[in-house]
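For reference, the structure is listed below as structure tokens.
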Amino acid sequence: MPAVPLPTSLYAATAHPAPLTPSLDADRTVSVAIVGAGFAGLSAALHLAETGIDVCVLEANEPGWGASGRNGGQVNPGLKFNPDELLGRFGAGLGERMIGMAWGAPDFTFDLIRRLGIDCDARQNGTLRAATNTLTAKAVETAAAQCAAHGFPVRLLDAKETASATGTGRYPAALLDPRGGDLHPLNYARGLAAAAQNAGASIHRDSRVIFVRRQSGKWVLRTDKATVSADKILVVTNAYADNLWFDLRKSLIPVYSSIVATEPLAADLAARILPHRPVLYESGHITVYYRLDKQNRLLMGGRGPQRVLAGHSAPLDYLKRYAESLWPGLRGIRWTHAWNGQLAVTPDHLPHLHEPSEDAMIYLGCNGRGVALATAIGKQLAGRLAGGQSAGICLPVTGIKPMRFHALWPVGVHAAMIWGRMKDRLGI
Ligand SMILES: Cc1cc2nc3c(=O)[nH]c(=O)nc-3n(C[C@H](O)[C@H](O)[C@H](O)COP(=O)(O)OP(=O)(O)OC[C@H]3O[C@@H](n4cnc5c(N)ncnc54)[C@H](O)[C@@H]3O)c2cc1C
């Protein structure tokens with residue numbers, strides 16, 4: 001299958017040039033081969049190369065082509081579940097480690113960006129999780145209490161404080177976590193790729209792995225031009241998983257999320273929207289997320305068609321109308337870009353880590369929270385690949401479980417969207 005170009009996103013239109021990552025055109029042997037150059041693969045490659053391990057990344061398209069180069073740019077702390085639910089489910093040991101990793105991931109990411117000097121408009125102005133009705137206000141209150149009990153520096157905002165933080169009276173409450181923030185995701189992905197190369201990793205674009213097999217004690221990965229022979233492998237293809245690994249694609253739902261972006265807003269209008277420039281996601285059955293970027297463009301994201309958008313943005317008009325209902329001053333503003341991409345949703349809404357053998361690892365499923373999480377987990381995956389079984393990872397290791405009726409996922413997602421919208425409207 002030939003490489004697919006990047007979508008015509010705001011990020012593709014404004015990114016720094018990509019580092020040179022020639023396609024694999026000759027056979028080679030390495031210690032670790034990684035399939036997929038998103039944040040997870042690039043972070044793992046960087047941290048492996050920094051410990052002197054010979055690592056190569058094979059990417060079907062180009063670094064950052066997947067969810068990593070086209071997401072909302074929100075660097076958000078946490079997982080879908082509150083800390084107490086994680087402790088109840090995984091116990092004090094693993095539960096505490098999962099909490100530490102997931103809520104600490106934004107600090108880890110911003111520290112990494114500073115250490116590597118990546119130019120990607122990174123700002124740590126906080127994440128707002130905003131309630132849209134009485135029910136979600138209760139959920140936000142519970143999350144705030146549990147995060148505070150864990151010593152996290154969060155603050156629960158009432159309706160008045162939320163209105164002055166957002167510039168709209170839409171929300172009854174919000175949870176502010178100052179450790180969140182935003183960045184230009186494609187520049188971050190390209191910066192990570194360049195840093196991994198500087199540390200000694202090799203990265204090959206236009207190099208889809210079409211076949212992987214065990215042969216004479218090694219892993220052999222074949223592209224259409226050459227093969228890589230490796231002691232260990234890491235597969236991090238996330239929602240873009242193909243049939244490379246048996247049943248992997250069927251273990252996740254590759255949900256499309258869409259984003260629309262405005263032209264840069266005039267300073268007085270921009271000052272009325274998220275004046276302190278946190279990012280925001282709504283707490284509800286259907287998530288809307290937004291931020292103002294460094295150039296004061298508004299980026300609004302949410303559910304849209306479950307297929308490639310391909311320049312046809314009419315289905316996203318609802319997001320534009322919603323933005324105008326929050327801030328009527330936006331009427332008449334030009335919306336310049338619309339695009340979408342796929343993120344991996346797992347049945348239990350948790351990231352999945354598989355270790356089909358001692359020298360093979362698979363990671364997927366940030367469930368829409370992968371900017372910080374995939375970066376942080378990338379380092380842990382590198383530790384495990386470098387240090388063997390003894391190096392701990394803050395996630396449970398599970399088997400790959402294909403979903404029944406997986407082929408019907410677009411119908412299921414569509415039905416869930418309609419049902420979710422109805423529940424959000426009714427506040428149930
Ligand atoms: C529209 C959208 C908005 C989002 N917004 C946010 C947000 O604001 N904040 C947040 O935290 N998260 C967000 N996410 C989720 C986040 O982007 C992802 O969780 C994260 O980028 C996943 O990184 P990854 O490395 O696991 O996978 P990806 O970045 O998807 O990378 C997988 C790579 O594998 C490659 N690949 C697949 N098969 C092969 C093969 N056989 N051989 C070689 N290469 C292969 C693909 O080409 C792709 O580049 C969003 C996602 C989308 C789509």
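Counting starts at 1 for both ligands and their atoms, in listed order.
- Those atoms of ligand 1 that come under 4.0 Å of a heavy atom in R369, given as number and element, are 10 (C), 11 (O), 12 (N).
- In terms of polar-atom proximity, defined here as any N/O pair under 3.5 Å, A60 does make such a contact with ligand 1.
- The part of V35 lying near ligand 1 is the side chain, judged by heavy-atom distances below 4.0 Å.
- If you number the atoms of ligand 1 from 1 as listed, the ones under 4.0 Å from a heavy atom of W65 come out as 47 (O).
- Listed by atom number, the atoms of ligand 1 under 4.0 Å from R70 heavy atoms are 1 (C).
- Counting heavy atoms under 4.0 Å from ligand 1, residue L364 does not touch it at all.
- For S251 and H352, the side-chain atoms include no donor-acceptor pair closer than 3.5 Å.
- Looking at ligand 1, you won't find any N or O of C366 less than 3.5 Å from one of its N or O atoms.
- At the shortest separation from atom 1 (C) of ligand 1 among protein heavy atoms lies S257 O, 3.3 Å.
- Classification of D206 and K225 as a salt-bridged pair fails, no side-chain N sitting under 4.0 Å from a carboxylate O.
- For the pair R70 and W65, the cation-pi test (distance below 6.0 Å, angle within 45°) is passed.
- By the 30° and 60° cut-offs, the orientation of the rings of Y290 relative to W327 is perpendicular.
- Y171 pairs by the ring-ring contact (aromatic ring centres under 6.0 Å, His included) definition with nothing, not counting sequence neighbours.
- Because its NZ or CZ atom is not both nearer than 6.0 Å to the ring centre of W219 and within 45° of the ring axis, R213 does not count as a cation-pi partner of that residue.
- Polar contact check, V371 against ligand 1: a nitrogen or oxygen pair lies under 3.5 Å apart.
- Checking A40, G341, A241, G302 against atom 53 (C) of ligand 1, the nearest heavy atom belongs to G341.
- Under a 4.0 Å criterion applied to the non-hydrogen atoms of Q342, ligand 1 contributes the atoms 53 (C).
- The shell of residues lying under 4.0 angstrom from ligand 1, judged by heavy atoms, excludes N340.
- Contact between G73 and ligand 1 is present, with at least one heavy atom of the residue lying under 4.0 Å from the ligand.
- The shortest N or O to N or O distance between D242 and ligand 1 is below 3.5 Å.
- Residue Y363 has no nitrogen or oxygen atom sitting less than 3.5 Å from a nitrogen or oxygen atom of ligand 1, judged on distance alone.
- Heavy-atom proximity to atom 23 (O) of ligand 1, evaluated over A3, S68, G36, is greatest for S68.
- A donor and an acceptor atom, one from each side chain of D27 and S229, are nowhere located under 3.5 Å apart.
- Looking at R190 and Y11, their side chains never bring a donor and an acceptor atom within 3.5 Å of each other.
- No side-chain N or O of N238 forms a donor-acceptor pair with one of Q342 less than 3.5 Å apart.
- In this model, a donor atom of one side chain and an acceptor atom of the other lie less than 3.5 Å apart for S357 and D359.
- Between L94 and C394, the shortest heavy-atom distance links the atoms CD1-C, 4.0 Å.
- For atom 19 (O) of ligand 1, the closest heavy atom belonging to the protein is G370 CA, 3.1 Å.
- A donor-acceptor pair shorter than 3.5 Å cannot be found between the side chains of Y188 and T109.
- Taking 4.0 Å as the cut-off, G368 counts as a neighbour of ligand 1 on heavy-atom distance.
- Under a 4.0 Å criterion applied to the non-hydrogen atoms of L343, ligand 1 contributes the atoms 51 (C), 52 (C).
- Here L343 contributes atom CG and Y240 contributes atom OH; the two are 8.5 Å apart, rounded to the nearest 0.5 Å.
- Of the N or O atoms in F39, one or more lie within a sub-3.5 Å distance of an N or O in ligand 1.
- Annotation: salt bridge (charged side-chain N to carboxylate O under 4.0 Å, His left out) contacts involving residues 73-85, sequence neighbours excluded, are absent.
- Among the atoms of N71, some N or O lies under 3.5 angstrom from an N or O of ligand 1.
- Of all the heavy atoms in L192 and L46, the pair that sits closest is CD2-CD2, 4.2 Å.
- Judged by distance alone, the side chain of H16 and the main-chain N or O of D119 form a donor-acceptor pair under 3.5 Å.
- Closest to atom 30 (O) of ligand 1, if we only count protein heavy atoms, is A67 N, 3.0 Å.
- Each of the atoms 47 (O) of ligand 1 lies under 4.0 Å from some heavy atom of N61.
- Of all the heavy atoms of Y289, the ones lying under 4.0 Å from any atom of ligand 1 belong exclusively to the side chain.
- The option from I34, N238, L58 that lies nearest to atom 26 (O) of ligand 1, judged by heavy atoms, is N238.
- In this structure, P77 and T127 approach most closely via the heavy-atom pair CD-OG1, 3.6 Å.
- Nearest-residue assignment for atom 48 (C) of ligand 1 (options H204, R205, E59, E62; heavy-atom criterion): E59.
- Of the protein's non-hydrogen atoms, the one nearest atom 9 (N) of ligand 1 is Q74 O, 2.8 Å.
- Contacts with ligand 1 closer than 4.0 Å are made by backbone heavy atoms (N, CA, C, O) of V236 only, the side chain lying farther away.
- Atom 42 (N) of ligand 1 has as its closest protein heavy atom V209 N, 3.0 Å.
- Checked by atom type and distance alone, the side chain of D54 never pairs as donor or acceptor with a backbone atom of V30 at under 3.5 Å.
- Residue, atom and distance of the protein heavy atom nearest to atom 39 (C) of ligand 1 are T237 CG2, 3.6 Å.
- Taking every non-hydrogen atom of G72 and a distance limit under 4.0 Å, the qualifying atoms of ligand 1 come out as 3 (C), 4 (C), 5 (N), 6 (C), 7 (C), 8 (O).
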